[in-house]
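Predicted model, so just to flag it, every value in this text is computed and none were measured.
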Amino acid sequence: MNLRTRLSRSNGYRELGMLDESINQDDVWTYEVIKAKYLTYRDAKQFEMAEAMTKAMRIYHNNLTEGWLLRAECVFETRGAKKAAEVLIEDEDSLKEQADVLFAIGRYLALADELLKARDYLRTAIKLDNKYRAEFIQDEAFDGVWESF
């Protein structure tokens, strides 16, 4: 049986409240299952549990930056933009070449009104991947940064 079918069945069991049957133990740490759990918790506004799922993402799938970004999103929801930026900055050494992470740090710093730091991260992100230039211009979170130039 393919993973998509197993996830569909898993969601059905979960909706019926049959949590023990919801996930095959062989699939517990696959990326798709962890992300499905994350999305379930996030949509239920259970951000602490969603953050726990991002820890599993970072442990079992550390080659993907999404776990770090989703953790920052949970922290943003519970503790604010400054803490979300700090969460990403603490792992900055291993993620310093990841434009998406640097852009997220810049965005959270801009939301925390730390405009000069935000500009530095944004510049680096745009140098690494030019697609973030358009996102920077379009995202209202960066209005303060834009005005500071």
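- Every residue meeting the salt bridge (charged side-chain N to carboxylate O under 4.0 Å, His left out) condition with Lys83, not counting sequence neighbours, appears here in chain and number order: Glu86.
- Ala118 and Gly106 make their closest contact through CB-O, 3.3 Å (heavy atoms, listed as atom of the first residue, atom of the second, distance).
- Minimum interatomic distance between Leu109 and Ala85 (heavy atoms only, all atoms of both residues): CD2-CB, 3.7 Å.
- For the atom pair CE (Met49) and OH (Tyr38), the distance works out to 13.5 Å, reported to the nearest 0.5 Å.
- Linking ILVMFWY side-chain heavy atoms closer than 4.5 Å, directly or via other members, places Leu39 and Tyr60 in a single hydrophobic cluster.
- Considering only residues two or more places apart in sequence or on other chains, Arg58 meets the salt bridge (charged side-chain N to carboxylate O under 4.0 Å, His left out) condition with none of them.
- With sequence neighbours excluded, no residue forms a side chain to side chain donor-acceptor pair (under 3.5 Å) with Asp143.
- A 4.5 Å side-chain heavy-atom check between Tyr121 and Ile89 finds at least one atom pair inside the cut-off.
- For the side-chain hydrogen bond (donor to acceptor under 3.5 Å, both in side chains) condition, the pairs that include at least one residue of residues 105-117, sequence neighbours left out, are Lys82-Glu114, Arg107-Asp139, Glu114-Lys117.
- The side-chain heavy atoms of Val145 and Phe136, taken from C-beta on, include a pair separated by under 4.5 Å.
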(request) Determine, stepwise, if the pair Leu102 / Tyr132 fulfils side chain to side chain contact (heavy atoms under 4.5 Å, CB included). (result) CA-CA 10 Å; Leu102 298 174; Tyr132 291 107; over 6 Å; no
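- Using a 4.5 Å heavy-atom cutoff, the side chains of Arg71 and Lys55 are not in contact.
- Taking each heavy atom of Ala72 and Ala84 in turn, the nearest pair found is O-CB, 3.4 Å.
- The closest side-chain heavy-atom distance from Arg119 to Arg123 is below 4.5 Å.
- Here the shortest heavy-atom pairing between Ala81 and Leu111 reads CB-CB, 3.6 Å.
- In this structure, the side chains of Asp129 and Phe103 stay at 4.5 Å or more apart for every pair of heavy atoms.
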(message) side chain to side chain contact (heavy atoms under 4.5 Å, CB included) for Ile34 and Glu32? Distances and angles first, verdict last.
(response) CA-CA 6 Å; Ile34 296 170; Glu32 292 81 4; over 6 Å; no
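- With a 4.5 Å cut-off between side-chain heavy atoms of Ile, Leu, Val, Met, Phe, Trp and Tyr, the cluster of Phe47 takes in none.
- Counting only heavy atoms from C-beta outward, the side chains of Ile105 and Val101 approach each other to under 4.5 Å.
- Taking Ile, Leu, Val, Met, Phe, Trp and Tyr as hydrophobic and joining them when side-chain heavy atoms fall under 4.5 Å apart, one finds Leu116 isolated, its cluster having no other members.
- Atoms NZ and OG1, on Lys37 and Thr54 in that order, are 13.0 Å from each other to the nearest 0.5 Å.
- Counting heavy atoms of neighbouring residues, nucleotides and ligands inside a 6.0 Å radius, atom CD of Glu140 does not exceed 12 of them.
- The OG1 atom of Thr65 lies 5.0 Å from the CG atom of Leu69; values are rounded to the nearest 0.5 Å.
- Considering CG of Leu88 and CD of Gln98, their distance stands at 11.5 Å, rounded to 0.5 Å.
- Ile59 and Leu70 fall within the same hydrophobic cluster, where Ile, Leu, Val, Met, Phe, Trp and Tyr residues are linked whenever their side-chain heavy atoms come under 4.5 Å apart, directly or through other members.
- Rounding to the nearest 0.5 Å places OG1 of Thr40 at 12.0 Å from NZ of Lys35.
- Looking only at side-chain heavy atoms (C-beta outward), Phe142 and Leu115 stay at 4.5 Å or farther from each other.
- Contact check for Leu64 versus Met57: no side-chain heavy atoms found under the 4.5 Å cut-off.
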